[in-house]
Student: 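My questions will all concern the structure given below.
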Amino acid sequence: QVQLVESGGGLVQAGGSLRLSCAASGHTFSSYAMGWFRQAPGKEREFVGAISWSGGSTEYADSVKGRFTISRDNARATVTLQMNNLKPEDTAVYYCACQRKFHTASRPESADYWGQGTRVTVSS
């Protein structure tokens, strides 16, 4: 069992930055790939990015590539999403999720555990 708690969301102007954190509890965190997803009002949950269990591999959605960066610290059981050059279309609730395999980490249906989400609002 892994419990995930996201933090760091808030209101930011377009072009600004935010750093989201996902803190995990449980003994098996380091064995999971981790994914970030987001859900805007009236839209389906979509993949943002993922990182392998070792941190050696990352993958990003085209919409955030070059602006967002995922990292993890297995010793502290945390995963971070650094978001730069934010755009109004990045407004959403952001979720972290535990994924058993990195190569399927872009699929929300493959997640074993989810956090409760943190809201990000980007004003124009």
Side-chain angles (χ1 to χ4, degrees):
Q1 185 82 11
V2 177
Q3 293 183 329
L4 303 173
V5 179
E6 301 95 336
S7 61
L11 174 64
V12 63
Q13 289 189 331
S17 298
L18 279 176
R19 187 178 180 89
L20 305 185
S21 293
C22 173
S25 62
H27 298 296
T28 58
F29 169 79
S30 61
S31 67
Y32 282 99
M34 294 297 296
W36 282 97
F37 296 80
R38 66 187 182 186
Q39 189 165 17
K43 295 187 177 181
E44 293 187 350
R45 192 166 298 190
E46 67 173 0
F47 172 70
V48 173
I51 189 167
S52 61
W53 69 270
S54 68
S57 297
T58 54
E59 180 185 0
Y60 299 95
D62 288 343
S63 59
V64 307
K65 202 171 293 184
R67 300 187 297 121
F68 291 11
T69 303
I70 298 175
S71 59
R72 69 186 295 164
D73 184 338
N74 286 339
R76 298 185 177 185
T78 59
V79 60
T80 299
L81 179 65
Q82 177 67 43
M83 306 187 295
N84 297 328
N85 190 22
L86 283 160
K87 304 176 181 181
E89 52 264 41
D90 295 318
T91 295
V93 177
Y94 284 71
Y95 301 88
C96 63
C98 287
Q99 297 279 26
R100 291 194 179 186
K101 297 182 179 181
F102 177 68
H103 75 272
T104 58
S106 64
R107 305 174 191 173
E109 65 271 21
S110 298
D112 278 358
Y113 303 104
W114 291 92
Q116 85 291 346
T118 185
R119 185 175 301 276
V120 172
T121 303
V122 184
S123 63
S124 57

Student: Kindly compute the distance separating OG (S17) from CG (N85), expressed to the nearest 0.5 Å.
Tutor: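 The distance works out to 8.0 Å.
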Student: For the NZ atom on K43, are there more than 12 heavy atoms of other groups (residues, nucleotides or ligands in this structure) within a distance under 6.0 Å?
Tutor: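 Atom NZ in K43 is not crowded, with 12 or fewer foreign heavy atoms closer than 6.0 Å.
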Student: Roughly how far apart are R119 CZ and L11 CG, rounded to 0.5 Å?
Tutor: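 So the CZ of R119 and the CG of L11 are separated by 11.5 Å.
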Student: Evaluate the criterion side chain to side chain contact (heavy atoms under 4.5 Å, CB included) for residue pair R100 and S110; output intermediate values, then yes/no.
Tutor: CA-CA 8 Å; R100 291 194 179 186; S110 298; over 6 Å; no
Student: Strictly distance-based, threshold 3.5 Å: is any side-chain N or O of Q1 a donor or acceptor partner for the main-chain N or O of Y113?
Tutor: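 Answer holds: no.
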Student: Taking all heavy atoms of A40 and all of A92, pick out the closest pair and write down the distance.
Tutor: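 Minimum heavy-atom contact is N-CB, 3.8 Å.
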Student: To the nearest 0.5 Å, what is the distance between CD1 on I70 and CD on Q82?
Tutor: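 Result: 11.5 Å between the selected atoms.
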Student: Is there a path from L81 to V120 through hydrophobic residues (I, L, V, M, F, W, Y) whose side chains come within less than 4.5 Å of each other?
Tutor: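 Linked within one cluster.
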Student: Any idea which heavy atoms bring A14 and S124 closest together, and the distance?
Tutor: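 In this case the closest contact between A14 and S124 is CB-CA, 4.3 Å.
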Student: Between atom CZ of R72 and atom OG1 of T58, what is the distance when rounded to the nearest 0.5 Å?
Tutor: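 Here the interatomic distance stands at 12.0 Å.
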Student: So, for Y95 and G115, which heavy atoms are closest and what is the spacing to 0.1 Å?
Tutor: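 Smallest interatomic distance, heavy atoms only, reads CD2-O, 3.6 Å.
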Student: Taking all heavy atoms of T118 and all of G9, pick out the closest pair and write down the distance.
Tutor: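 Distance-wise, the nearest heavy atoms are OG1-N, 3.1 Å.
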Student: Is there a path of hydrophobic side-chain contacts, each under 4.5 Å between heavy atoms of I, L, V, M, F, W or Y residues, that connects I51 with L18?
Tutor: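 Both belong to a single hydrophobic cluster.
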Student: Give every residue pair that meets the ring-ring contact (aromatic ring centres under 6.0 Å, His included) criterion with at least one member in residues 50-81, sequence neighbours excluded.
Tutor: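 Sorted result for residues 50-81: empty, none.
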Student: Applying a strict under-4.5 Å side-chain criterion to I, L, V, M, F, W and Y, I'd like to know whether M34 and W114 cluster together.
Tutor: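 No, it is not one cluster - the side chains of M34 and W114 are not joined through contacts under 4.5 Å.
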Student: My understanding is that only residues two or more places apart in sequence, or in another chain, count here; which of them pass side chain to side chain contact (heavy atoms under 4.5 Å, CB included) with S7?
Tutor: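 With sequence neighbours excluded, S7 shows a side chain to side chain contact (heavy atoms under 4.5 Å, CB included) to S21, given in chain and number order.
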Student: Are any side-chain N or O atoms of Q99 and backbone N or O atoms of A111, one a donor and one an acceptor, separated by less than 3.5 Å?
Tutor: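 Flag set: sc Q99 to bb A111 pair under 3.5 Å.
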Student: Within this structure, what is the CG-OG1 distance for the pair D73 and T78, rounded to the nearest 0.5 Å?
Tutor: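 Rounded to the nearest 0.5 Å, the CG-OG1 separation comes to 4.5 Å.
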Student: Kindly compute the distance separating OG1 (T69) from CZ (R19), expressed to the nearest 0.5 Å.
Tutor: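 Taking OG1 in T69 and CZ in R19, the distance rounds to 9.5 Å.
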Student: Decide yes or no for M83 and W36: does some side-chain heavy atom of the first lie under 4.5 Å from some side-chain heavy atom of the second?
Tutor: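 With C-beta onward as the side chain, the pair stays apart.
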Student: Counting only heavy atoms from other residues, nucleotides and ligands, does the tally under 6.0 Å from CD of Q3 exceed 12?
Tutor: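 Counting neighbours around CD of Q3, 12 or fewer heavy atoms of other residues, nucleotides or ligands fall under 6.0 Å, so no.
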Student: Looking at every heavy atom in both F102 and S52, which two are closest together, and how far apart are they?
Tutor: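 Looks like CD1-N, 3.6 Å.
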Student: Could you check whether any side-chain heavy atom of K87 comes within less than 4.5 Å of a side-chain heavy atom of V122, counting everything from C-beta outward?
Tutor: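 They are not in side-chain contact.
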Student: Backbone N or O of L20 within a donor-acceptor pair of the E6 side chain at under 3.5 Å?
Tutor: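 Checking the backbone N and O of L20 against the side chain of E6, no donor-acceptor pair under 3.5 Å is found.
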Student: R38: what forms a salt bridge (charged side-chain N to carboxylate O under 4.0 Å, His left out) with it, not counting sequence neighbours?
Tutor: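 E46, D90.
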Student: Do you know which two heavy atoms are closest between V12 and L86, and how far apart they sit?
Tutor: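 Minimum heavy-atom separation between V12 and L86: CG1-CD1, 3.5 Å.
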Student: Only one of V2, T28, V79 clears side-chain contact (heavy atoms from CB on, under 4.5 Å) with C98; which?
Tutor: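 When V2, T28, V79 are each tested with C98, the side-chain contact (heavy atoms from CB on, under 4.5 Å) holds only for V2.
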